[in-house]
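Reviewing the structure listed below.
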Amino acid sequence: MNGGDRGCSMRPVHTHYRDTPEAIPDGDSSLGGVQLGGYWWVPQVTDVGSTAKIGPISLHMGEYHNPENKFVDERAPPKLDNIRKVSVIPLVFLIFYEVSGGPFGIEDSVQAAGPLLAILGFLIFPFIWSIPEALITAEMGTMFPENGGYVVWVSSALGPFWGFQQGWMKWLSGVIDNALYPVLFLDYLKSGVPALGGGLPRTLAVLILTVALTYMNYRGLTIVGWMAVFLGIFSIAPFILMGLVAIPKLRPSRWLVVDINKVDWNLYLNTLFWNLNYWDSISTLAGEVDNPKSTLPKALFYALILVVFGYLYPLLAGTGAIPLDRELWTDGYFSDVAKILAGVWLRWWVQGASALSNMGMFVAEMSSDSYQLLGMAERGMLPEFFGKRSRYGTPLVGILFSASGVLLLSWMSFQEIVAAENFLYCFGMILEFVAFIKLRLIYPNAPRPYKIPLGTAGCILMIIPPTILICVVLALATLKVMVVSVIAMLIGFILQPCLKHVENKRLLKFSVNSDLPDFREAQRENTVESSLID
């Protein structure tokens, strides 16, 4: 049969046992291969007269099913062996800044619910949300040690359409999140520099800050990681001092103040949720981590301790050492608490720590967002130019797209940003939970260097509380946030088919990196070899 016969179009594929691309006709059984789990498995003859060696060909079903037989170019981009990988200590602080960055922004929890519920929230919420999310990230991130993270998880479990939706919603929520940090930065400085409260000076400050921090991301992830270490130490230090100064003034009875009838549940839950989520964001950088299969779980564990301590310690100091006035507890109030407890010098340190902390959160989030786009391009979900790296090994186009999104959204208020990103993030987490359980069910023997010490039933029970929390957060969203978020999701539903059409018409080039790991291969290799040899 030839390539012109009906049903026998030639499809280029890439073997894992040799670098020569090989064409396999549809339906041609003469090659002695079989199709299993979406992959072609064929005998590979290494030398004349030698025994056949069974090997997988990484052609996944659903990627090449268009009627015009358009296919994705699988030529891998140049290897970047000279790019330094991120080690455990910078990774801990990158996670710290992905999730927290310090207690800046938690003040609204006291205004919304009072000291007792605020303290209990940051004590209990990690068990309901943060720990399950961090555990899932550790298992899935070591199962898929590549850039793209949760996009790859969802795509592998639910297919490329839902993988793209996951990428779209998570990237958009990440960009919305990053638009918040210039707002927080200026909110903390405006008490000392009133001109930054609005108008042209504020706009110029946002622009200059965004450009400067974008350049940091351009220079390299290793630089960003060690910058995060320095910023983290500088940002935590004033709150440690504030807690020590507060000890003589502490009144434990102030921690117990609560009025259930005056709780703003929407603000309270959104503040908790925003300050304790995004543990999965670090997974989009897994391909840049040194030995991610062991480094990632360790870093997540240490970061979890650092984040919870970084919230509870200053919250206990601030609410226990000064009389309560809930209306004053808005974003930026910790600088006033520092002045009351220790004087102007500590206030300036807290304000400076806030500014630097927001810088750390910005560069960490932008790294995650931009490497996610690079990972999606390497999987053929986005045009090839999204996978372009700078001479420093950083995703150039991804950084520019993420920075542009931040500038477009920086006009939003603090609470609008938090509510909008939480809404989109919730839908993304639902897809992650479904993908996590499905992969446990259909690929139970796939290699998982770190595996949650629970069976599938235990994992289902583990994600029930965070799923309930997601439903509550979604139900409490305002109509404006719901409408904007749903429109954003619908754009994703339209965008993915449009990109497939562009790919089929060859208007833009799409490519799949053939060096990406294939978790299915390790699970199935022995079984398939035995069945084919028999």
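Keep in mind it's a predicted model, so treat the numbers as computed, not measured.
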Polar side chain donor-acceptor pair, [X] to [Y], under 3.5 angstrom:
| X | Y | value |
| --- | --- | --- |
| Ser368 | Thr284 | yes |
| Asn291 | Ser294 | yes |
| Tyr150 | Ser281 | no |
| Gln372 | Asn147 | no |

Please report whether the ring centroid of Tyr392 lies less than 6.0 Å from that of Tyr218. yes
Quick one, [X] and [Y] - any side-chain contact, counting heavy atoms below 4.5 Å?
| X | Y | value |
| --- | --- | --- |
| Leu396 | Arg389 | no |
| Val289 | Lys85 | no |
| Phe436 | Ile452 | yes |
| Tyr425 | Trp274 | no |
| Val434 | Trp162 | no |
| Pro466 | Phe433 | yes |
| Met376 | Phe164 | yes |
| Ser173 | Tyr278 | yes |

According to ring pair (Phe, Tyr, Trp, His ring centres under 6.0 Å), who are the partners of [X], at least two apart in sequence or on a separate chain?
| X | value |
| --- | --- |
| Tyr311 | Phe122 |
| Tyr302 | none |
| Phe93 | none |
| Phe127 | none |

Looking only at heavy atoms, which two atoms of [X] and [Y] are closest? And how far apart?
| X | Y | result |
| --- | --- | --- |
| Leu267 | Thr271 | O-OG1, 2.7 Å |
| Leu276 | Ser130 | O-OG, 3.0 Å |
| Val308 | Pro126 | CG2-CG, 3.9 Å |
| Met482 | Leu474 | CE-O, 3.3 Å |
| Ser402 | Asp369 | OG-CB, 3.6 Å |
| Leu285 | Ser367 | CD2-O, 3.4 Å |

With sequence neighbours left out, write down each residue that passes side-chain contact (heavy atoms from CB on, under 4.5 Å) with [X], or none if nothing qualifies.
| X | answer |
| --- | --- |
| Ala286 | none |
| Pro449 | Thr142, Lys293 |
| Val99 | Ile95, Trp279, Val307 |
| Ser357 | Tyr97, Phe104, Ser235, Met361 |

Measuring from atom [atom1] of [X] to atom [atom2] of [Y], what distance do you get when rounded to the nearest 0.5 angstrom?
| X | Y | atom1 | atom2 | result |
| --- | --- | --- | --- | --- |
| Arg379 | Glu146 | CZ | CD | 4.0 Å |
| Asn270 | Ser109 | CG | OG | 12.0 Å |
| Glu98 | Leu91 | CD | CG | 9.5 Å |
| Leu213 | Glu365 | CG | CD | 13.0 Å |
| Leu441 | Lys438 | CG | NZ | 9.5 Å |
| Leu135 | Met140 | CG | CE | 13.0 Å |

Answer yes when Glu139 and Arg448 have at least one side-chain N-carboxylate O distance shorter than 4.0 Å, and no when they do not. yes
Phe301 atom CZ, over 12 foreign heavy atoms within 6.0 Å: no
Flag if over 12 foreign heavy atoms under 6.0 Å of CG, Leu469: yes
Any residue meeting side chain to side chain donor-acceptor pair (under 3.5 Å) with Ser370, in chain and number order, not counting sequence neighbours: none
Trp153: what forms a side chain to side chain donor-acceptor pair (under 3.5 Å) with it, not counting sequence neighbours? none
Can Thr467 and Ile430 be said to form a side chain to side chain contact (heavy atoms under 4.5 Å, CB included), step by step? CA-CA 7 Å; Thr467 302; Ile430 290 172; 5.5 Å; no
Report the C-alpha distance between Leu508 and Glu384 in whole Å, list the side-chain angles of each, state the deciding distance to 0.1 Å, and finish with yes or no for side chain to side chain contact (heavy atoms under 4.5 Å, CB included). CA-CA 8 Å; Leu508 290 173; Glu384 190 183 61; over 6 Å; no
Any donor and acceptor pair, going by atom type alone, linking the side chain of [X] with main-chain N or O of [Y] inside 3.5 Å?
| X | Y | result |
| --- | --- | --- |
| Glu378 | Val512 | no |
| Thr214 | Thr210 | yes |
| Thr137 | Glu133 | yes |

Checking side chain to side chain contact (heavy atoms under 4.5 Å, CB included) for the pair Ile463/Cys459: CA distance, chi angles, key distance, verdict? CA-CA 6 Å; Ile463 65 174; Cys459 289; 5.8 Å; no
Applied to residues 351-389, the ring pair (Phe, Tyr, Trp, His ring centres under 6.0 Å) test, sequence neighbours excluded, yields Phe386-Phe401
Would Leu304 and Leu300 count as a side chain to side chain contact (heavy atoms under 4.5 Å, CB included) if you check the C-alpha gap in whole Å, the side-chain angles of each, and the deciding distance to 0.1 Å? CA-CA 6 Å; Leu304 181 64; Leu300 283 164; over 6 Å; no
Give me each pair satisfying side-chain hydrogen bond (donor to acceptor under 3.5 Å, both in side chains) with a member in residues 428-437, each pair once, sequence neighbours excluded. Gln166-Glu432, Lys170-Glu432
